[in-house]
**Q** 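After the structure tokens below, expect a handful of questions from me.
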Amino acid sequence: MAREEFHLSDQELILMADGELQTRDAGQVRAHLAACWHCRSRMAEIEGTIADFARAYRQTLDSQLPPIDGPRALLKAQLAELTATLQAGSWRRFFQFIPFSRAAAGICVAVLLAAMAGKLFISHAALHGENPAVNGIERGAIPDRNLTPGATRTASVGDVCSMPHEEVVRDVPARLRQEIFQEYGIEAPRADDYEIDYLIAPGLGGAQDIHNLWPQPYTSPAWNARVKDALEEHLHQLVCAGRLDLPTAQHDIAADWIAAYKKYFHTDRPLAVRSEMFPFVRVSS
């Protein structure tokens with residue numbers, strides 16, 4: 001880390017204030033700030049300047065935006081009134097022109113047909129080895145390929161297999177995290193709901209690039225971020241053991257990580273779910 005007269009540079013202080021330093025560098029900067037009054041003073045000035053700018057920017061915008069509470073409440077009330085009117089009118093017209101006995105029979109037939117259709121759909125899914133609930137989760141758990149196709153850096157097998165742990169689990173800078181949430185249209189995300197994850201993990205040569213990062217939900221009951229973490233670790237072990245070449249691992253996890261999980265763990269569902277039913281099943285590679 002660059003020093004001039006044993007003090008932190010302005011660039012280092014700004015990166016620290018923005019939360020964009022790597023974990024190891026951030027620790028060194030914090031240690032220096034704890035011991036250096038001069039750098040602490042400069043850091044306080046930078047943070048104060050950033051806070052003043054953000055406050056002025058917000059005040060300027062807030063004064064230009066109209067209040068939304070009133071129009072939003074009015075719109076909700078109008079929609080609720082319109083929905084109630086349409087529903088009441090539709091049922092009144094239905095029973096006005098059709099005798100009650102015929103109307104009741106028609107409703108029973110409609111319910112029966114819906115039940116039969118649902119049963120046929122479930123049977124078809126079972127015959128083809130599909131799980132409708134899991135398939136829906138898959139669509140929500142796989143990143144948008146237009147936004148996150150995956151990106152790699154130049155790295156050999158020796159490079160990825162000798163990486164320190166802090167590089168394998170590399171933190172994503174706060175500013176880049178916000179850009180990714182904005183790309184995916186997620187507003188005010190909660191920390192417990194998402195992991196800004198690498199599609200191709202650093203331990204497999206993945207790059208810290210916006211095209212290789214996406215907000216993966218922790219909250220999905222099946223194909224969630226913790227399941228993908230297990231796949232990344234398993235592929236890393238296979239590559240470092242010489243049982244899988246690195247380009248194949250990168251391709252498979254970028255193309256469809258859920259399909260890769262099923263391929264390399266020899267299962268059609270996450271082992272976390274499977275282990276509850278079959279506690280003695282072990283992973284085979």
Side-chain angles (χ1 to χ4, degrees), residues 114-152 157 160-161 168-169 180 184-186 189-190 192-206 211-285:
M116 292 176 63
K119 185 175 181 180
L120 287 174
F121 175 76
I122 294 174
S123 300
H124 175 78
L127 288 173
H128 290 80
E130 298 173 355
N131 186 329
V134 172
N135 286 343
I137 295 169
E138 289 180 13
R139 288 190 293 271
I142 295 177
D144 185 339
R145 290 193 59 82
N146 293 323
L147 300 176
T148 315
T152 59
V157 173
V160 299
C161 294
V168 175
V169 293
I180 294 164
Y184 275 84
I186 299 173
R190 297 191 307 175
D192 295 339
D193 290 347
Y194 296 94
E195 172 186 337
I196 296 298
D197 199 7
Y198 293 81
L199 179 57
I200 304 173
L204 295 172
H211 299 100
N212 192 44
L213 293 161
W214 60 294
Q216 187 178 16
Y218 278 122
T219 54
S220 295
W223 301 107
N224 54 47
R226 296 178 181 87
V227 175
K228 184 172 180 292
D229 290 343
L231 171 64
E232 294 168 358
E233 178 63 25
H234 188 53
L235 293 181
H236 181 81
Q237 292 174 358
L238 292 177
V239 169
C240 295
R243 299 163 64 185
L244 178 67
D245 63 275
L246 183 58
T248 299
Q250 293 173 343
H251 172 270
D252 288 353
I253 198 169
D256 186 339
W257 75 265
I258 294 178
Y261 187 100
K262 295 177 180 179
K263 173 182 176 181
Y264 291 102
F265 281 101
H266 311 294
T267 178
D268 60 353
R269 65 190 63 197
L271 290 176
V273 176
R274 189 183 181 94
S275 62
E276 296 173 1
M277 301 172 59
F278 307 103
F280 300 104
V281 173
R282 293 183 178 275
V283 177
S284 59
S285 55

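All values derive from a computational prediction rather than experimental measurement.
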**Q** With a 4.5 Å cut-off on side-chain heavy atoms, are W214 and Y198 touching?
**A**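 Y198 does not reach W214 side chain to side chain.
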
**Q** Would you say the side chain of D256 lies within less than 4.5 Å of the side chain of I142, judging by non-hydrogen atoms?
**A**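 In short, these two side chains touch, coming nearer than 4.5 Å.
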
**Q** If you define the side chain from C-beta out and look only at heavy atoms, does anything of W257 sit under 4.5 Å from D252?
**A**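 With C-beta onward as the side chain, the pair stays apart.
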
**Q** Could you list the residues that satisfy side chain to side chain contact (heavy atoms under 4.5 Å, CB included) with Q250, not counting sequence neighbours?
**A**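 For Q250 the side chain to side chain contact (heavy atoms under 4.5 Å, CB included) partners, ignoring immediate neighbours, are T152, I200, L246.
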
**Q** Which heavy-atom pair separates A254 from P149 by the least distance, and what is that distance?
**A**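 Minimum heavy-atom separation between A254 and P149: CB-O, 4.1 Å.
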
**Q** Using side chain to side chain contact (heavy atoms under 4.5 Å, CB included) as the criterion, list what pairs up with N146, not counting sequence neighbours.
**A**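 Per chain and number, N146 pairs via side chain to side chain contact (heavy atoms under 4.5 Å, CB included) with D144.
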
**Q** Please confirm whether the backbone N or O of G150 pairs with a side-chain atom of R145, one donor and one acceptor, at under 3.5 Å?
**A**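 Pair absent, no side-chain N/O of R145 close to backbone of G150.
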
**Q** Say you draw a straight line from CG of D245 to CG of L238; how long is it, rounded to the nearest 0.5 Å?
**A**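 Between atom CG of D245 and atom CG of L238 there are 11.0 Å.
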
**Q** For R226, give me all partners under side chain to side chain contact (heavy atoms under 4.5 Å, CB included), at least two apart in sequence or on another chain.
**A**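 Only Y218, N224 meet the side chain to side chain contact (heavy atoms under 4.5 Å, CB included) criterion with R226.
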
**Q** With rounding to the nearest 0.5 Å, note down the distance linking CG in L231 to NE2 in H236.
**A**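 Those atoms lie 13.0 Å apart.
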
**Q** Using the side chain to side chain donor-acceptor pair (under 3.5 Å) rule, take Y261 and T267 through it: C-alpha gap first, then chi angles, then the decisive distance, then the call.
**A** CA-CA 8 Å; Y261 187 100; T267 178; over 6 Å; no

**Q** Is K228 reaching over with its side chain to a backbone N or O of I253, donor-acceptor style, under 3.5 angstrom?
**A**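 No: the side chain of K228 does not pair with the backbone of I253.
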
**Q** Testing the basics here: between G205 and V160, what is the closest heavy-atom pair and its distance to 0.1 Å?
**A**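 Taking G205 first and V160 second, the nearest heavy atoms are N-CG1, 3.7 Å.
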
**Q** Using the test side-chain hydrogen bond (donor to acceptor under 3.5 Å, both in side chains), find all partners of D229 that sit at least two apart in sequence or belong to another chain.
**A**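 Here no residue qualifies.
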
**Q** Below 4.5 Å, heavy atoms only, C-beta onward: do L213 and D197 meet side chain to side chain?
**A**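 Heavy-atom side-chain distance check fails, nothing below 4.5 Å.
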
**Q** List for me each residue that meets side-chain hydrogen bond (donor to acceptor under 3.5 Å, both in side chains) alongside Q216, sequence neighbours excluded, and say none if there are none.
**A**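 Expected list: none.
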
**Q** Who passes side-chain hydrogen bond (donor to acceptor under 3.5 Å, both in side chains) against H211, sequence neighbours left out?
**A**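 H211 satisfies side-chain hydrogen bond (donor to acceptor under 3.5 Å, both in side chains) with D209 once adjacent residues are dropped.
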
**Q** Side chains of P143 and L199: closer than 4.5 Å at any heavy-atom pair?
**A**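 P143 vs L199: side chains touch.
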
**Q** Minimum heavy-atom separation for I186 and P215, please, with both atom names.
**A**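 The pair with the smallest heavy-atom distance is CD1-CG, 3.7 Å.
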
**Q** Determine, stepwise, if the pair H234 / F265 fulfils ring pair (Phe, Tyr, Trp, His ring centres under 6.0 Å).
**A** CA-CA 9 Å; H234 188 53; F265 281 101; 4.5 Å; yes

**Q** What are the two closest non-hydrogen atoms of A222 and P270, and how far apart are they?
**A**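 Looking at all heavy atoms of both residues, the shortest contact is O-CG, 3.5 Å.
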
**Q** Check side-chain hydrogen bond (donor to acceptor under 3.5 Å, both in side chains) between N212 and all other residues, then give those that pass, not counting sequence neighbours.
**A**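 Counting only residues at least two positions away or on another chain, N212 forms no side-chain hydrogen bond (donor to acceptor under 3.5 Å, both in side chains).
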
